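The model shown is predicted, which means the values in this text are computed figures rather than measured ones. As a basis for the values below, the full set of heavy atoms in this structure was taken, side chains included, without hydrogen atoms, waters or symmetry mates.
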Amino acid sequence: MPQPPYQPHLPQGPYQPQVTKRIVIGGMVTGIVGLVFGWYLFQIGFILGVVAVILSGVGLNTANTKNGSGRGMAVAGLVCGILAVLFELLWIAVLSYSLSGR
């Protein structure tokens with residue numbers, strides 16, 4: 001069976017790599033760390049959760065508008081950050097109810 005004729009590769013224009021933004025990685029890491037520290041250090045977990053929500057929101061917006069990669073990590077950081085904040089608010093509500101003497 002004869003082989004098809006050789007066809008040279010056509011130029012594809014300038015290379016534009018999809019770079020994972022540091023802000024997306026930072027949002028995901030702070031969200032995970034906020035969840036972990038939420039069990040032990042209450043204020044740190046809340047602060048890290050808020051920072052994770054902000055960083056992941058900015059990273060998600062950047063990934064959507066500039067066709068960058070890292071959308072999944074941004075969503076993971078956003079979810080972990082929201083869970084960390086909700087956990088801390090729930091923990092504060094439980095502590096304040098138990099200390100109120102009712």
Side-chain angles (χ1 to χ4, degrees):
M1 181 183 283
Q3 292 184 350
Y6 175 74
Q7 295 180 357
H9 293 286
L10 300 174
Q12 297 179 355
Y15 176 68
Q16 297 176 352
Q18 291 186 346
V19 179
T20 302
K21 302 291 181 189
R22 292 182 188 132
I23 197 164
V24 173
I25 295 171
M28 187 179 69
V29 169
T30 54
I32 293 169
V33 172
L35 274 176
V36 171
F37 279 124
W39 292 97
Y40 304 109
L41 304 170
F42 307 118
Q43 296 85 9
I44 302 233
F46 181 78
I47 292 169
L48 288 177
V50 170
V51 170
V53 168
I54 293 169
L55 288 177
S56 297
V58 170
L60 186 62
N61 188 25
T62 303
N64 286 338
T65 58
K66 295 185 180 180
N67 197 18
S69 62
R71 179 168 159 64
M73 284 191 290
V75 170
L78 193 62
V79 168
C80 288
I82 290 172
L83 287 176
V85 169
L86 289 178
F87 174 72
E88 296 306 318
L89 291 176
L90 178 68
W91 191 249
I92 290 169
V94 167
L95 281 177
S96 65
Y97 180 75
S98 66
L99 293 176
S100 69
R102 293 183 184 195

Please table the atom pairs, donor to acceptor, closer than 3.5 Å between any side-chain atom in residues 29-37 and protein atoms at least two apart or in another chain.
from: Thr30; atom 1: OG1; to: Gly26; atom 2: O; distance (Å): 2.8
from: Thr30; atom 1: OG1; to: Gly27; atom 2: O; distance (Å): 3.1

Could you pull out every donor-acceptor pair under 3.5 Å between side chains of residues 48-58 and any protein atom, sequence neighbours left out?
from: Ser56; atom 1: OG; to: Ala52; atom 2: O; distance (Å): 2.9
from: Ser56; atom 1: OG; to: Leu78; atom 2: N; distance (Å): 3.3

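Counting heavy atoms of neighbouring residues, nucleotides and ligands inside a 6.0 Å radius, atom CD1 of Ile44 does not exceed 12 of them.
Summarising the geometry, atom CZ belonging to Arg71 is positioned 11.0 Å from atom CG belonging to Asn61; distances are rounded to the nearest 0.5 Å.
With hydrophobic clusters built from ILVMFWY side chains whose heavy atoms lie under 4.5 angstrom apart, Met28 shares a cluster with Ile23. Residues Val75 and Ile82 are members of one and the same hydrophobic cluster, defined by side-chain heavy-atom contacts under 4.5 angstrom among Ile, Leu, Val, Met, Phe, Trp and Tyr.
Here the closest heavy-atom approach between residue Ala84 and residue Gly45 is recorded as CB-O, 4.1 Å.
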